[in-house]
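Scroll down for the structure; my scribbles are underneath it.
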Amino acid sequence: MAMTISARRQALAEIARARRGAGWPRLLGRASVVIALLLVLVLAGLWGAGFFRVPPELVAVRAAVDEHVAHLQLVARNEAPLPLDRTSLEKVFDTVRNVPRVHRHAAQQEMTRLFEARETAEVDSVFGLPPDRRIAEIDRRIRAEEERRQAWAAERARRDAERAETQRRDPAGGGPPGTGTGGALPARGGTSRRSDGTEESRNARVKQRLDNSTAESRARRLEYRRLIEQRRIQLGLASGR
């Protein structure tokens with residue numbers, strides 16, 4: 001009888017230990033469910049606040065770039081002429097300016113994609129032409145570039161003339177207080193900061209294009225630039241660099 005009671009007590013102790021051991025998995029399981037629910041609630045809150053949503057301005061930039069890149073792919077295969085009117089590009093730039101500052105880097109990446117596609121189309125379309133048609137296409141591009149250059153020079157001269165006339169009529173005014181030059185010169189350091197930023201962005205884009213390109217594509221682009229410069233010299237024009 002004593003052995004029976006002892007065995008029963010041992011059995012009860014084993015059952016109690018087993019129950020205590022089984023409690024931890026249940027507790028961990030409940031904790032996992034609670035953590036998962038909290039995570040879902042946090043993600044839902046962030047989504048509702050627009051944290052994961054792409055702003056419509058950036059969507060518009062991507063759509064515009066996709067449209068241009070698709071056309072430039074046709075240009076690269078000589079299935080469409082290279083567009084020389086920059087009006088459509090200016091519209092894309094205007095779209096980029098509307099992108100919120102927090103997404104401005106993503107918009108710049110889209111523009112880098114557009115510039116790379118444009119450069120590839122320029123090079124591939126020329127080398128995809130028969131030799132007797134290359135010069136005519138290069139001349140077409142040089143003429144368009146010269147027309148843009150002349151238009152920019154005329155616009156710059158017009159603005160300079162307007163500023164000079166304004167300063168002549170009102171030498172003491174016509175500009176922000178404290179400049180003392182009628183607004184003809186920018187504030188000290190203002191232009192340099194903008195210029196440095198533009199130069200840094202340009203260098204970053206160039207470096208990224210080089211990193212993403214192959215030795216063969218770089219050689220083709222250099223040869224394309226050489227052909228353009230050689231033709232400009234033959235036409236008696238200044239270097240385009």
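- Side-chain contact between E57 and H103: absent, with no pair of heavy atoms (C-beta onward) separated by less than 4.5 Å.
- A salt bridge between D94 and K91 is absent, with no side-chain N of the basic residue lying under 4.0 Å from a carboxylate O of the acidic one.
- Every pair passing side-chain hydrogen bond (donor to acceptor under 3.5 Å, both in side chains) that includes a residue from residues 75-86 is listed here, sequence neighbours excluded: R77-E79, D85-T87.
- Listed by chain and residue number, P81, L82, L84, E137, R143 satisfy the side-chain contact (heavy atoms from CB on, under 4.5 Å) test with R140 (two or more places apart in sequence, or in another chain).
- Ion pair R148/E145 not flagged as a salt bridge, since none of the NZ, NE, NH1 or NH2 atoms sits closer than 4.0 Å to an Asp/Glu carboxylate oxygen.
- A search for side-chain contact (heavy atoms from CB on, under 4.5 Å) contacts involving S88 returns H68, not counting sequence neighbours.
- Scored by the salt bridge (charged side-chain N to carboxylate O under 4.0 Å, His left out) test, R62 finds E110 as partners (sequence neighbours excluded).
- The residues R159 and E162 are annotated as not salt-bridged, no charged nitrogen and carboxylate oxygen being separated by less than 4.0 angstrom.
- For R104, the CZ atom sits in a packed shell: over 12 heavy atoms of surrounding residues, nucleotides or ligands are nearer than 6.0 Å.
- Note on E216 versus R220: no salt bridge recorded, every NZ/NE/NH1/NH2 to OD/OE distance being 4.0 Å or above.
- I142 belongs to a hydrophobic cluster whose remaining members, ordered by chain and number, are V123, V126, F127, I138, Y224, L227, I228, L235, L237; membership requires side-chain heavy atoms of ILVMFWY residues under 4.5 Å apart, directly or through intermediates.
- Connectivity analysis of hydrophobic side chains (ILVMFWY, heavy atoms under 4.5 Å, direct or indirect) links L74 to nothing; its cluster partners are none.
- Between R169 and E165 there is a salt bridge, with a side-chain nitrogen of the basic residue lying less than 4.0 Å from a carboxylate oxygen of the acidic one.
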